[in-house]
Amino acid sequence: MSEPPPVRLRVAPSPTGDPHVGTAYMSLFNLAFARQQGGQFVLRVEDTDRARFRPDSEQQVYDMLRWLGLDWDEGPDKGGPYAPYRQSERLETYRPYVDQLLADGHAYRCWCSSARLVQMREDQQKRKLPTGYDRLCVGLDREARAELPGFSETPVVRMLVPDDPPLQFVDLIRGEVSAPRPDDQVLLKADGFPTYHLAVVVDDHLMGITHVVRGEEWISSTPKHLLLFDWLGWPRPAFAHMPLLRNVDKSKISKRKNPAARLTWFAEQGYLPEALLNFLGLLGYSVPGEEEIFSFERMSESFDWARVNTVGPVFDLDKLGWLNGHYLRELSEPDFAERALPFLQRSGLVGDPASTQELELLAGVVPLVQTRVAVLSELPDLVSFLFVSEESFEVDPAAAAKALTAASAPVLRAAADAVEGMTEWSAAAVQAAVDAALLEDGLGLKRGKAYLPLRAAVCGAAISPPLPESMALLGRERTLRRLRAAADRAEASAPPDVG
RNA sequence: GUCCCCAUCGUCCAGCGGCCCAGGACUCCACCCUUUCAAGGUGGCUACGCGGGUUCGAAUCCCGUUGGGGGCACCA
């Protein structure tokens with residue numbers, strides 16, 4: 001009885017800077033399929049470009065993928081049967097294959113200087129020819145080549161692409177795909193590091209990768225990989241080329257044009273990992289049925305390559321914001337408070353560690369704000385009035401100009417008096433007392449009109465959480481103090497121009 | 001320039017020859033609720049790029065065209 005071999009998938013980020021959303025996007029689809037099939041998911045670090053290498057980048061990738069819950073089975077940090085999982089530590093692994101390719105006549109050394117190569121490409125473009133290496137070095141040894149111009153002392157190794165390379169392959173998402181004829185791609189750089197093309201093929205084979213899931217940008221280099229698999233006598237893995245995430249202008253998503261290209265941005269802004277994951281699952285993909293809100297488990301269990309789109313989706317922050325708001329509202333109040341706390345601490349409103357008093361205040365304000373934010377970073381502005389000291393409390397100038405006018409002074413005074421006379425302190429009691437003083441039985445105002453100056457006085461802004469509840473949380477002393485201060489200020493302000 | 005990929009509302013998706021004069025979601029607009037702002041509810045605007053075929057019948061298949069994207073590095 002032969003068990004089908006378990007599927008093995010991988011994501012292969014390059015540690016060249018802030019982790020990219022694309023890495024999370026690819027990981028999501030790789031993992032969804034791997035889990036559905038009961039296979040493994042490998043994290044391999046492709047750090048063969050030492051010019052762009054950034055030492056802290058690798059850890060950031062780990063942090064962000066873990067934050068999203070996209071955990072891997074094998075990787076540089078956790079090891080595994082095919083270690084090492086960092087390409088820079090596998091240099092010796094690639095060597096014999098380069099030698100074999102050279103010996104079999106599938107590869108050759110090239111001493112062309114980069115200056116010559118640049119020149120060559122320019123000429124080709126000018127003459128409207130397809131660009132590609134002109135094979136000057138084919139059949140030459142070092143001595144012979146050194147006689148010719150554009151010579152460089154340290155050679156690279158290039159693949160010798162035959163006249164009829166395999167250009168067709170089956171893609172899990174696109175079906176039969178044809179790709180362009182490859183160039184004599186460099187396999188081994190002058191510094192002894194393999195290029196991506198050599199390293200992926202060798203590592204994917206050695207690590208038993210059965211499905212290569214990567215971005216559409218790789219379609220055009222797949223023939224190179226096919227050739228390498230064939231030359232080395234290895235079975236070809238299955239390929240799935242995912243659509244590319246786009247900027248609003250439809251170009252490939254980039255850190256320059258889109259803050260959302262950086263994974264760390266989402267955490268900073270206060271997006272929930274579950275919301276981001278759900279959103280990524282909505283891009284270029286849909287779960288059967290009409291549901292849009294779904295978990296990783298749901299996506300994984302029903303996963304189907306045929307449901308992946310071929311069109312590159314625009315990364316639309318509006319929808320993500322809505323989704324995030326949805327997930328935020330679904331959190332229990334204690335959970336919401338827990339997620340919110342770091343944002344209040346970062347903005348200096350709450351100490352680290354938070355005091356019991358601060359935590360109580362936070363717990364009290366959660367039900368007032370949970371439906372009022374799309375991302376957690378909006379929270380500090382909304383609740384700062386509760387956490388700042390009375391000394392540093394300030395009314396927003398625009399709100400003051402609009403609401404703390406001379407005409408509103410009597411309203412503020414009346415409210416202050418009403419609050420002062422209260423015996424029981426609760427939102428309902430505050431509302432009853434204030435309403436009695438200001439509405440029909442009192443000054444005869446409409447509630448909307450009456451609350452405007454109070455809101456500015458107590459919350460310091462024209463927009464705030466519900467007023468009586470806010471006052472209840474603030475406490476009687478602080479409320480009273482703010483009402484009186486605002487009344488003084490309103491009286492002192494210039495009377496309306498009655499010209 | 002050259003090669004390859006792609007094409008349904010502004011955006012994300014559904015649709016895989018008749019159920020579609022195209023459905024859902026986000027955005028936007030209006031109304032309701034309402035102490036502000038949200039949330040919630042109701043309703044509305046908006047799309048099969050174009051031209052040829054194939055077929056009794058096409059958003060769905062084919063060809064062309066236009067448009068968009070990606071590759072063309074000793075970067076991944």
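Since the structure is predicted, the reported quantities are computational estimates derived from the model, not experimental observations. Each chain gets a letter, A, B and so on, in the order the sequences are listed, and its residues count up from 1.
- Side-chain atoms of A:R372 lie closest to B:C37 of the nucleotides B:G70, B:C37, B:U35.
- Look at NE2 on A:H326: it is 19 Å from P on B:G24, rounded to the nearest Å.
- Residue A:C112 comes nearest to A:L117 through the heavy atom pair CB-CD2, 4.0 Å, listed as atom of the first residue, atom of the second, then distance.
- For A:Y285 and A:F29, the ring centers are positioned less than 6.0 Å apart.
- Using a 4.0 Å heavy-atom distance criterion, A:T16 is classed as making no nucleic acid contact.
- For A:P313, the side-chain atoms get nearest to B:C12 when compared with the rest of B:G23, B:A76, B:C12.
- Among the protein residues, A:T131 comes within range of the nucleic acid bases, having at least one heavy atom under 4.0 Å from a base atom.
- What separates CZ of A:R174 from P of B:G71 is a distance of 13 Å, to the nearest Å.
- Dense packing is recorded around CZ of A:R135, with more than 12 heavy atoms of other residues, nucleotides or ligands lying under 6.0 Å away.
- Within 4.0 Å (heavy atoms only), A:E469 reaches at least one base atom of the nucleic acid.
- Residue contacts shown for A:E46 are limited to sugar-phosphate atoms, with no base heavy atom under 4.0 Å away.
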Carefully, step by step, assess A:R52 and A:D49 under the rule salt bridge (charged side-chain N to carboxylate O under 4.0 Å, His left out). CA-CA 6 Å; A:R52 294 199 305 156; A:D49 182 355; 3.1 Å; yes
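- Rounding to whole angstrom units, NZ of residue A:K250 and P of B:C6 are separated by 16 Å.
- Within the nucleic acid shown, A:R158 comes within 4.0 Å of sugar-phosphate atoms alone, with no base atom in reach, counting heavy atoms only.
- Counting any heavy atom pair closer than 4.0 Å across all strands shown, A:P468 reaches a base atom.
- Heavy atoms of A:L467 sit under 4.0 angstrom from at least one base atom.
- Listed candidates were B:C5, B:A76, B:G1. Nearest to the side chain of A:W218 is B:A76.
- Of the listed nucleotides (B:C26, B:G1, B:C5), B:C26 has the atom at the smallest distance from the side chain of A:D316.
- With rounding to whole Å, A:W322 atom CH2 is found 12 Å from B:C13 atom C1'.
- Distance from the side chain of A:T371 is smallest for B:A39 among the nucleotides B:A39, B:C3, B:U8.
- A:D396 has its CG atom 18 Å from the P atom of B:U36, to the nearest Å.
- Residue A:P180 places its side chain closer to B:C3 than to any other of B:C12, B:C3, B:C74.
- Side-chain proximity of A:E290 to B:C6, B:G1, B:G24: nearest is B:G24.
- Rounded to a whole angstrom, the distance from the C1' atom of B:C33 to that of B:G15 is 36 Å.
- Residue A:T310 places at least one side-chain N or O under 4.0 Å from the OP1 or OP2 atom of B:A7.
- In this structure, A:E46 does not pair ionically with A:R214, as no charged nitrogen and carboxylate oxygen lie closer than 4.0 Å.
- Counting to the nearest Å, the P atom of B:C5 and the CG atom of A:N309 are 18 Å from each other.
- Among the protein residues, A:V156 comes within range of the nucleic acid bases, having at least one heavy atom under 4.0 Å from a base atom.
- Comparing A:L129 and A:G284 against RNA chain B, the residue whose closest nucleotide sits nearer the 5' end is A:L129.
- Within 6.0 Å of the CD atom in A:E176, the count of heavy atoms belonging to other residues, nucleotides or ligands exceeds 12.
- In this structure, A:S14 reaches the sugar-phosphate backbone alone: every heavy-atom distance under 4.0 Å involves primed, P, OP1 or OP2 atoms, never a base.
- Residue-level contact check: A:S220 touches the backbone only, with heavy atoms under 4.0 Å from sugar-phosphate atoms and none from bases.
- Using a 4.0 Å cut-off, some side-chain N or O of A:K189 falls inside it from OP1 or OP2 of B:C75.
- Picking from B:A7, B:C12, B:C74 the nucleotide with the shortest atom distance to the side chain of A:T195 gives B:C74.
- A:P243 comes within contact range of no nucleotide atom at all, as no heavy-atom separation falls under 4.0 Å.
- On the C1' atoms, B:C19 is 42 Å away from B:C3, given to the nearest whole Å.
- For B:A14, the OP1/OP2 oxygens have a side-chain nitrogen or oxygen of A:S286 closer than 4.0 Å.
- Closest-nucleotide positions on RNA chain B for A:V177 and A:L117 were compared, and the one nearer the 5' end corresponds to A:V177.
- Taking only side-chain atoms of A:L282, from C-beta outward, the nucleotide of B:A73, B:C12, B:U35 with the closest atom is B:C12.
- Counting any heavy atom pair closer than 4.0 Å across all strands shown, A:S178 reaches sugar-phosphate atoms only and no base atom.
- Salt bridge present: A:R50 and A:D191 bring a charged side-chain N and a carboxylate O closer than 4.0 Å.
- Annotation: B:A47 and B:G23 have their P atoms spaced 11 Å apart (nearest Å).
- With both ends at atom P, the span from B:C63 to B:G71 equals 26 Å, rounded to whole Å.
- Ionic pairing of A:E440 and A:R447 is not present here: no N-O contact between side-chain nitrogen and carboxylate oxygen is shorter than 4.0 angstrom.
- In the set B:C75, B:G15, B:U35, the nucleotide with an atom closest to the side chain of A:P466 is B:U35.
- For A:Y451 and B:C37, the OH to P distance is 15 Å, given to the nearest whole Å.
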